[in-house]
Amino acid sequence: MGYLFGPVLSRRLGLSMGVDLLKYKTCNLDCVYCELGKTACITTCRDRFVPPHKVLKEIEQRRGEPFDHLTFAGSGEPTLSLDLGEILAQAKKIVDSPVAVITNSTLLSRPSVRREVAIADIVLPSLDAASQKAFLAINRPASGLYAKEMVQGLKDFRKEFSGEIWLEVMLVKGINDQEAELIARAAESTQPDRIQLNTVVRSPAEPVEALSEEEMQRMLEIFPGAELIPDWDWSVPARVRDRLIDLLSARPCTLEEISGHLEINVSDAIKYCKIMEKDGLISRRQHSGKLYFYAQL
Ligand code: SF4
């Protein structure tokens, strides 16, 4: 199994080589907008999901490839990995590019997690809610997680971390846009280097709506100094598209089979399948409890 994916073109991090320390999809949230679908394993317990020496070996093997950031993200919440700190520290010795962590911020309320995440060069935390009501509505957390503690964790992290913090705020119509002013105040209080506003652009876990371009422009007045994350590139590399059509024309495949045949991470397989479904090139069907993808012949 591969633990690295990409490099992918990230809207925020340029050419990003991803590192996935989790089993698909392990998270302590079940965000309505999640592009990975519903959370399969919702947990707040940190655990060991992958062998660190294998991840580091793979980083070593790919160190020569061109990428702008080595990014700890992938199929869930990276801070749930108990190996995060150790792998981050070793990875920084291997690669020259800055090392980034994308996190949903919830576990930054724990000092031990803050110490591990602070090994990174850039941290990209999320903050989609300031009230518990909106937190429950948009992020659907595991029990025992509180918006107030998440905001305090971000404030504490700022005091302890001297690297760059790029805070992402995902705005979803009718779910958290009503409390944009409250979120803006909370975001400001955590003193990030950048506040980046986003809305639903990829296929979300639930049928939620994005804010329009005009609505996002208005959000810039509520979040002074913030920036909008540019539109995502809805394209599939030609090589992947052609190989996927060839594969699915021969027989239907599960996501795991697609990932194995195309030698891509499951997260990328999901992303590409979603785009190609949207373009009418492939379709999905359940069979004997499993999800299969078919070519549209
Ligand atoms: S968007 Fe991130 S934090 Fe939210 S459910 Fe998906 S993986 Fe978890």
Side-chain angles (χ1 to χ4, degrees), residues 3 5-6 8 10-13 16 18-47 49-50 71-81 84 100-110 113 117 120 122-130 132 134-147 149-151 153-154 157 165-173 175-176 183 186-187 190 196-211 229 232 255 265-271 273-274:
Y3 305 101
F5 59 97
V8 292
S10 153
R11 293 186 297 150
R12 298 203 283 168
L13 290 165
S16 162
V19 184
D20 191 353
L21 303 182
L22 300 160
K23 285 207 175 83
Y24 176 79
K25 171 202 168 180
T26 307
C27 197
N28 49 7
L29 301 183
D30 185 17
C31 303
V32 291
Y33 58 78
C34 185
E35 67 184 76
L36 300 172
K38 274 196 76 64
T39 298
C41 174
I42 189 152
T43 178
T44 52
C45 295
R46 302 189 77 203
D47 206 343
F49 303 97
V50 298
T71 309
F72 286 73
S75 52
E77 170 52 33
T79 60
L80 283 170
S81 166
L84 179 67
V101 174
I102 299 180
T103 171
N104 65 26
S105 311
T106 49
L107 298 189
L108 293 178
S109 56
R110 302 184 190 176
V113 173
V117 176
I122 305 176
V123 177
L124 296 89
S126 296
L127 182 69
D128 308 329
Q132 189 66 12
F135 185 45
L136 292 173
I138 189 164
N139 300 124
R140 302 188 296 191
S143 63
L145 295 176
Y146 299 96
E149 290 180 6
M150 181 170 64
V151 174
L154 281 162
F157 184 65
I165 299 178
W166 300 354
L167 186 75
E168 178 180 19
V169 179
M170 175 67 87
L171 294 156
V172 181
K173 205 177 202 127
I175 309 246
N176 68 342
I183 301 170
T190 69
Q196 300 183 308
L197 305 183
N198 201 359
T199 191
V200 187
V201 287
R202 306 184 192 183
S203 303
E206 305 292 345
V208 289
E209 248 186 279
L211 267 66
I229 296 180
W232 189 58
L255 278 171
N265 182 277
V266 176
S267 306
D268 279 345
I270 294 167
K271 183 174 87 180
C273 283
K274 281 182 175 171

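Counting from 1, the numbers follow the sequence of the chain as shown. Indexing begins at 1, ligand by ligand and atom by atom, following the structure's order.
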Worksheet entry | Distance-only donor-acceptor check, side chains Asp128 and Tyr33, under 3.5 Å |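 A donor-acceptor contact under 3.5 Å links the two side chains.
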Discussion item. Can you see whether Glu168 engages Asn198 through a side-chain donor-acceptor pair at a distance of less than 3.5 angstrom?
Written reply: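 Yes, side-chain donor-acceptor contact under 3.5 Å.
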Item to complete: Locate the shortest heavy-atom distance separating Cys31 from Asn139; write the atom from each residue and the value.
Response: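 What the structure gives for the nearest pair is SG-ND2, 3.4 Å.
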Worksheet item: If you take all heavy atoms of Ile42 and Leu29, which pair is closest and at what distance?
Response: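 Taking every non-hydrogen atom into account, CD1-C, 4.0 Å.
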Worksheet item: Which protein N, O or S atoms sit under 2.8 Å from atom 8 (Fe) of ligand 1?
Response: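 You should have found Cys27 SG.
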Worksheet item: Does the protein put a heavy atom under 4.0 Å from atom 4 (Fe) of ligand 1?
Response: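 It does: a protein heavy atom is found less than 4.0 Å away from atom 4 (Fe) of ligand 1.
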Discussion item. I'd like to check the ring pair (Phe, Tyr, Trp, His ring centres under 6.0 Å) partners of Phe157; sequence neighbours left out, ordered by chain and number.
Written reply: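 Phe157 satisfies ring pair (Phe, Tyr, Trp, His ring centres under 6.0 Å) with Phe161 once adjacent residues are dropped.
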Worksheet item: Taking the side chain from Asp30 and the backbone from Arg140, do they hold a donor-acceptor pair closer than 3.5 Å?
Response: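 Pair absent, no side-chain N/O of Asp30 close to backbone of Arg140.
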